[in-house]
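Heads up: the structure comes next, in structure tokens.
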Amino acid sequence: MSNPAQSIRIGTMIRGNAPDPAAYVKTILPHGFESIEPFFWQVMNKDLPALAGQLKDAIGDADVTISTLGMFGNPLEDTDIDRETLKGWEALIDNAHLFGATTIAGFTGRVRGKRIEDSLPQFKKVWGELARRAADKGVRLAFENCAMDGNWATGDWNIAHTPDAWEMIFNEVPADNLGLEWEPCHQMVYLIDPLPQIRKWAPKIFHVHGKDATIRWEVIREHGIFGKEKFVFMRSPGFGDTNWTDVISELRLAGWSGSIDIEGWHDPVYRNDLEMTGQVHSLNYLKHSRGGDFIANP
């Protein structure tokens, strides 16, 4: 991109295990997405060289990048599907260059049902090895800051969901190529102000997800956060509480560049038949927040 304002790209996630990801990419690129993040859930069952070629063909001459690939699951445990997740991480690291990707993102994994501290020895073993493998290939590894309904005391998927845990995991494996796939939504779910995090953690933010949240303060005041009423909704950008102009400004002040890829499928309103309506609104909202020329496609 020649426009310096567009050193931050706005894109979306696509399901890598879908029957024909390339065909899906062809249908959405006319909306103006500038990057895509192919991702896999627990099992990666694609021929990666073939998929990389198909996606490049689908993109063609469009100015669209694939900077980040996703592998979500629990690579710290030892069931069959957990081992498949670990194999997926290894395969994506080894084949990232075919996509033009420099970052692989996902969950840390977790020793199920245990406190975060109890996962640290296994974290160090697994991610120390993966970090070395990735570094040899010039690849960075980023952990999404999503609790997946876990907390400090217990959980099934991820320990990288609070700043206190980030301090611990990066102390366990102090590798320069380990960082975060950050978004404001998951911090807002914890009632944490996300903006100060950017100022502190920007050097470790390797990729950003476009996802927001709406906090229902009237529910919190009447019912608290553990009552029957839902106190927060995950939203697509432009529909939640976050001012993304502030987010992008803080990222720019920190010297950050890269892709903000919209994580759809969570908004309680713009989903199913309205999914792409919501994503296109988010795309144009984030482009406006970023600055620079853009064309809004209906």
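- Inter-residue side-chain proximity for P163 and N145 is flagged as unmet; no heavy-atom pair is nearer than 4.5 Å.
- Counting only distance, with no hydrogens or angles, the side chain of N17 and the backbone of V43 share a donor-acceptor pair below 3.5 Å.
- One N or O on the side chain of N158 and one on the backbone of C146 form a donor-acceptor pair closer than 3.5 Å.
- Centroid-to-centroid, the aromatic rings of F143 and F107 stay 6.0 Å apart or farther.
- By the 4.5 Å side-chain criterion applied to Ile, Leu, Val, Met, Phe, Trp and Tyr, L253 is assigned to no cluster and stands alone.
- For the pair V189 and F231, the tightest heavy-atom approach, listed with the atom from each and the gap, is O-CZ, 3.5 Å.
- Pairing each heavy atom of D176 with each of F206, the nearest pair is O-CZ, 3.5 Å.
- Within the 4.5 Å cutoff, side-chain heavy atoms of I14 are placed close to those of I28.
- For the residue pair Q279 / H31, no side-chain donor-acceptor distance below 3.5 Å is found, with atom types taken as modelled.
- Residue W201 is grouped with residue L178 when hydrophobic side chains (ILVMFWY) are merged at heavy-atom distances under 4.5 angstrom, including chains of intermediate members.
- L286 is connected to L29 through a chain of hydrophobic side-chain contacts under 4.5 Å among Ile, Leu, Val, Met, Phe, Trp and Tyr, so both are in one cluster.
- Of all heavy-atom pairs between N95 and F99, the closest is O-CD1, 3.5 Å.
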Test Y190 against H161 for ring-ring contact (aromatic ring centres under 6.0 Å, His included), laying out the working first.
CA-CA 9 Å; Y190 274 174; H161 52 79; 5.7 Å; yes
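- Side-chain N or O atoms of Q122 include one that pairs as donor or acceptor with a backbone N or O of L76 at under 3.5 Å.
- Between the side chains of S249 and D246, no donor-acceptor pair is found at a separation under 3.5 Å.
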What do the steps show when you test M13 against H209 for side chain to side chain contact (heavy atoms under 4.5 Å, CB included), and what is the final call?
CA-CA 9 Å; M13 301 176 72; H209 268 170; 3.4 Å; yes
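- Electrostatic pairing of E167 and K200 counts as a salt bridge here, judged by a charged N lying under 4.0 Å from a carboxylate O.
- Side-chain atoms of W166 come within 3.5 Å of backbone N or O of A160 as a donor-acceptor pair.
- With contacts defined as side-chain heavy-atom distances shorter than 4.5 Å, the pair E84/M44 does not qualify.
- Among all heavy-atom pairs drawn from T12 and D261, the shortest one is N-OD1, 3.4 Å.
- Put simply, the side chain of W127 gets close to the backbone of T108: a donor and an acceptor are under 3.5 Å apart.
- Between F39 and W265, the ring-plane angle classifies as tilted under the 30° and 60° cut-offs.
- Here D118 does not pair with R115 in a salt bridge; the nearest charged N to carboxylate O distance is not below 4.0 Å.
- Under a 3.5 Å cut-off, the side chain of D212 and the backbone N or O of T242 do form a donor-acceptor pair.
- In this pair, Y285 and H281 present their aromatic rings parallel. The plane angle is below 30°, not in the 30 to 60° band.
- Of all non-hydrogen atoms in E117 and P121, the two that sit nearest each other are O-CD, 3.8 Å.
- A donor-acceptor pair is defined here as one N or O able to donate and one able to accept, closer than 3.5 Å; such a pair exists between the side chain of R216 and the backbone of K230.
- When atom types are taken as modelled, the side chain of R9 and the backbone of E34 share a donor-acceptor pair closer than 3.5 angstrom.
- Here the closest heavy-atom approach between residue S119 and residue R110 is recorded as OG-CG, 3.5 Å.
- S282 contributes a side-chain N or O that, together with a main-chain N or O of P237, makes up a donor-acceptor pair within less than 3.5 Å.
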